Amino acid sequence: MPCLNVARIGNVHNLDDKLLRSLSSVIHLNLYLTKSMVASCNAIKFSRLIEFCFFPSCYVDWLEPLMIFLQISPKLKTLTIDTDYGCLPPSCNQPSSSTPECLSSHLEIFGWRGYRGREDEKQLMTYILANSKCLKTVEISLLATCNLEETQKELESMPRISTSSQLLTSSTQMDWSFTGVIMN
């Protein structure tokens, strides 16, 4: 039976467990998380997943589902969080007390597009940097609406368990036009 290697799941409102289980063999996953998916997050294990790009919906408290995905993706090497297109609800939850295997053994590249420097984002960033032993590259795209210099200094001062990891930051500008939002 052939395995599915790449999946891009968009704005699916009624994702059932059967479809989610069929994704368990993917190696590369792009996921736009909606409310209906949150309940199904821990239904399967992504034992082959090595690259995960996560697009949280602005209507979902996404920290807990992300932590579940990290727990069920033990071989994950690349994690990207993309919050450029949505507002983030504040999250009162702390990341789980047990460190996911992917952070302690495999994660090499971490990216965050649309980082604003809000308190909940800082907590998650600190958690990932403090627990990712194999981290080589951290690529953060700062939204131009935050204080770029201050936010960059905060990021640089965050403790990292991987002393060889390289922090790269850039700013994201939004251009508004009649055709929608264009990212530079």
Side-chain angles (χ1 to χ4, degrees), residues 3-4 7 9 15-17 19-83 86 88-140 154-167:
C3 289
L4 182 65
I9 307 298
L15 184 69
D16 63 6
D17 289 345
L19 176 60
L20 197 55
R21 270 191 232 100
S22 71
L23 300 175
S24 65
S25 66
V26 298
I27 296 172
H28 307 279
L29 176 63
N30 288 10
L31 178 67
Y32 178 82
L33 184 73
T34 61
K35 278 186 177 181
S36 65
M37 290 181 199
V38 172
S40 303
C41 281
N42 59 4
I44 61 167
K45 185 171 186 170
F46 290 92
S47 58
R48 297 180 63 217
L49 188 65
I50 58 169
E51 185 177 349
F52 182 42
C53 189
F54 183 69
F55 302 86
S57 164
C58 62
Y59 303 109
V60 175
D61 185 2
W62 54 271
L63 180 61
E64 186 177 343
L66 175 62
M67 296 311 295
I68 291 170
F69 266 93
L70 294 179
Q71 291 285 355
I72 61 177
S73 306
K75 295 180 182 175
L76 192 66
K77 289 187 176 195
T78 302
L79 170 63
T80 303
I81 299 172
D82 190 331
T83 56
L88 290 176
S91 177
C92 300
N93 304 330
Q94 291 287 325
S96 68
S97 59
S98 64
T99 303
E101 181 181 343
C102 65
L103 295 185
S104 60
S105 302
H106 297 284
L107 192 69
E108 296 178 0
I109 300 170
F110 174 63
W112 193 322
R113 187 177 170 107
Y115 184 84
R116 292 163 174 82
R118 293 174 15 163
E119 197 56 41
D120 55 333
E121 294 174 324
K122 289 178 198 176
Q123 290 175 0
L124 179 58
M125 182 69 71
T126 299
Y127 176 80
I128 290 174
L129 294 177
N131 290 288
S132 299
K133 295 178 181 177
C134 301
L135 205 55
K136 294 178 182 175
T137 306
V138 180
E139 298 176 9
I140 307 299
E154 286 176 345
L155 289 168
E156 289 170 357
S157 69
M158 289 179 180
R160 288 181 254 170
I161 194 168
S162 174
T163 56
S164 64
S165 64
Q166 180 181 18
L167 176 66

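Given the structure is predicted, the values throughout are model-derived calculations rather than measurements. Keep in mind that the numbers below use all heavy atoms, side chains included, and drop hydrogens, waters and symmetry copies.
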Chemist: For Glu121, does its backbone N or O pair with a side-chain atom of Arg116 as donor and acceptor, under 3.5 Å?
Modeler: no

Chemist: Look up atom CG in Leu31 and atom CZ in Phe46, then write down how far apart they are to the nearest 0.5 Å.
Modeler: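 It is 7.5 Å, given to the nearest 0.5 Å.
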
Chemist: Considering all heavy atoms of both residues, which atom of Ser73 and which atom of Cys102 are nearest to each other, and what is their separation?
Modeler: O-CB, 3.2 Å

Chemist: What distance separates Arg113 CZ from Ile81 CD1, expressed to the nearest 0.5 Å?
Modeler: 14.0 Å

Chemist: Looking at Thr78, Val138, Thr137, Leu167, which hits side-chain contact (heavy atoms from CB on, under 4.5 Å) with Phe110?
Modeler: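 For Phe110, the side-chain contact (heavy atoms from CB on, under 4.5 Å) check succeeds only for Val138.
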
Chemist: When rounded to the nearest 0.5 angstrom, what distance separates CD1 in Ile9 from OH in Tyr32?
Modeler: 14.0 Å

Chemist: Closest approach of Leu124 and Met67, non-hydrogen atoms and distance?
Modeler: CD1-SD, 4.4 Å

Chemist: Can you check whether Glu101's main-chain N or O pairs, donor with acceptor, with Ser104's side chain at less than 3.5 Å?
Modeler: yes

Chemist: Verify, without hydrogens or angle tests, whether Arg160 (side chain) and Leu129 (backbone) share a donor-acceptor contact under 3.5 angstrom.
Modeler: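 Here the side-chain-to-backbone pair does not exist.
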
Chemist: Closest approach of Cys134 and Ser105, non-hydrogen atoms and distance?
Modeler: SG-O, 3.3 Å

Chemist: Using 0.5 Å steps for rounding, measure from the OH atom of Tyr115 to the CG atom of Leu155.
Modeler: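 Going from OH on Tyr115 over to CG on Leu155, the span is 4.5 Å.
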
Chemist: Taking all heavy atoms of Ile27 and all of Leu49, pick out the closest pair and write down the distance.
Modeler: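 That would be O-CD1, 3.3 Å.
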
Chemist: Gln166: what forms a side-chain contact (heavy atoms from CB on, under 4.5 Å) with it, not counting sequence neighbours?
Modeler: Leu168

Chemist: Using a 6.0 Å cut-off, check whether atom NZ of Lys122 has over 12 heavy atoms from anything other than its own residue.
Modeler: yes

Chemist: Could you work out, with ring-ring contact (aromatic ring centres under 6.0 Å, His included) as the rule, every residue matching Phe52, not counting sequence neighbours?
Modeler: Phe54, Phe69

Chemist: Please give me the minimum heavy-atom distance between Gln71 and Thr99, naming the atom from each residue.
Modeler: NE2-C, 4.2 Å

Chemist: Does the side chain to side chain contact (heavy atoms under 4.5 Å, CB included) test come out yes or no for Leu70 and Leu79, once each step is laid out?
Modeler: CA-CA 9 Å; Leu70 294 179; Leu79 170 63; 3.9 Å; yes

Chemist: Rounded to the nearest 0.5 Å, how far does OG of Ser165 lie from CG of Leu135?
Modeler: 5.0 Å

Chemist: For a 4.5 angstrom cut-off between non-hydrogen side-chain atoms, does His28 reach Ile50?
Modeler: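 Counting from C-beta outward, His28 and Ile50 do come under 4.5 Å.
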
Chemist: So which heavy atom on Asp82 is nearest to which on Pro56, and how close?
Modeler: O-CD, 3.5 Å

Chemist: Once rounded to the nearest 0.5 Å, what's the spacing between atom CD of Glu108 and atom NZ of Lys136?
Modeler: 4.0 Å

